Amino acid sequence: MESIDGKIGGLGATIETKTSTLAAKLDAVTSHLTSRIDDGNEDCRKNIGAVQEQVRAFQVEVGRLYPSRTEFEARYNEIREDLRDIARGRGGDRGD
Amino acid sequence: MILYVDDNEIMIDWLRNVIEDAGYYYDAASDATIALYKLERLEYALVLIDIGLPDFPGDVLAERVKELAGDHGATPLVAVTGGEKLPPDRRHLFCDMLMKPFLPDDLKRVIHDFARPPVKDLHLTRPPAGMLPKGA
């Protein structure tokens, strides 16, 4: 069974990959839209605002998904207990 | 974004390509506990659950997801099975079932039929066509 340290590491890697991929795409979109502002395209200005809003929302979400080790470990163990209760009910516990 | 729950790294890599090709972002969890942890925090368009997970059977995870959703409508769940058998009385937990090995088109059909439209969280889905410059 993978250790909690391993799981935290895996979770972190997932988020880092997702964050960097998203950041690269957002950079490309922002750059593309910015380049068109000079043409007086007001829609581009609005779209940049929308993209920036999404970046802020994503940062908040990353904070929720990737908390401190203590928070993660506590919630991880609670979830495991919940699943173990269900598994006991159907005779399928493999949690240990 | 679509979540795939499996500890098989080969399958994870393969599904990533198909899911992204279908226009969704992709996330993975290696066991039921991590999957539930993620499901508490992110909204997914669809969750693919391998029945033979290392910590708990996939249908145990599905049952907990349904409990948490209550009357608000659960995230669509699709079972993925290899040699493992899903008991008939547990099939109601899933919208559909994919038997390994399956073809990319089988997965794309499931995504087309059951995945929720990626509209609520733009940052977790692909930007609309036309917003991205070529090559982005």
Side-chain angles (χ1 to χ4, degrees), chain A residues 1-2 4 6-8 10-11 13-15 17-19 21-22 24-33 35-36 44 47 50-51 53-67 72 75-96, chain B residues 1 3-5 7 9 12 16 20 25-43 51-68 84-87 89-90 93 120-136:
Chain A
M1 179 76 58
E2 191 180 11
I4 282 191
K7 289 180 188 303
I8 291 175
L11 195 60
T14 298
I15 292 171
T17 301
K18 207 176 300 300
T19 305
T21 302
L22 184 75
K25 286 185 186 299
L26 289 174
D27 280 349
V29 171
T30 305
S31 169
H32 175 65
L33 294 174
S35 70
R36 293 181 58 189
C44 288
N47 282 338
V51 169
E53 192 65 30
Q54 295 298 331
V55 171
R56 282 192 285 275
F58 187 77
Q59 287 168 334
V60 169
E61 203 134 335
V62 167
R64 283 196 306 132
L65 189 58
Y66 195 30
F72 173 80
R75 187 62 198 136
Y76 180 88
N77 288 327
E78 287 170 2
I79 290 171
R80 201 168 169 76
E81 270 310 306
D82 289 344
L83 290 172
R84 188 173 285 135
D85 286 345
I86 293 174
R88 280 194 195 106
R90 63 178 291 278
D93 186 8
R94 280 182 279 175
D96 290 317
Chain B
M1 185 156 60
L3 176 65
Y4 179 48
V5 191
D7 62 331
E9 291 182 7
I12 287 172
R16 176 193 298 271
E20 290 184 346
Y25 279 116
Y26 170 90
D27 199 4
S30 59
D31 64 34
T33 313
I34 287 289
L36 200 50
Y37 182 89
K38 290 188 170 192
L39 280 158
E40 288 180 341
R41 286 160 178 77
L42 290 172
E43 187 173 333
I51 296 303
L53 294 173
D55 55 350
F56 297 97
D59 58 298
V60 169
L61 169 61
E63 186 172 336
R64 184 63 179 144
V65 172
K66 298 283 187 191
E67 280 179 4
L68 291 173
E84 318 84 9
K85 288 207 164 58
L86 180 63
D89 65 341
R90 308 289 286 175
L93 295 166
K120 187 173 176 185
D121 297 313
L122 181 62
H123 56 292
L124 296 177
T125 61
R126 286 195 182 285
M131 271 193 76
L132 283 176
K134 284 183 182 175

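The structure presented is a predicted model; accordingly, all values stated were derived computationally and were not measured. Proteins come first, then strands; the chains are lettered A, B, ... in the order of their sequence lines, and each starts at number 1.
Rounding to the nearest 0.5 angstrom, the gap separating the CD1 atom in A:I79 from the CD1 atom in B:I34 is 8.0 Å. How far CZ of A:R80 is from CZ of B:F56: 5.0 Å, rounded to the nearest 0.5 Å. Once rounded to the nearest 0.5 Å, the distance linking CD of A:E81 with OG1 of B:T33 reads 10.5 Å.
Not counting sequence neighbours, the partners of A:D85 by the salt bridge (Lys or Arg N to Asp or Glu O under 4.0 Å) test are A:R88. A search for side chain to side chain contact (heavy atoms under 4.5 Å, CB included) contacts involving A:D82 returns A:R75, B:R64, not counting sequence neighbours.
Between B:V60 and A:L83, the closest heavy-atom pair is CG1-O, 3.6 Å.
Only the side chain of B:D59 comes within less than 4.5 Å of a heavy atom in chain A; its backbone stays farther off.
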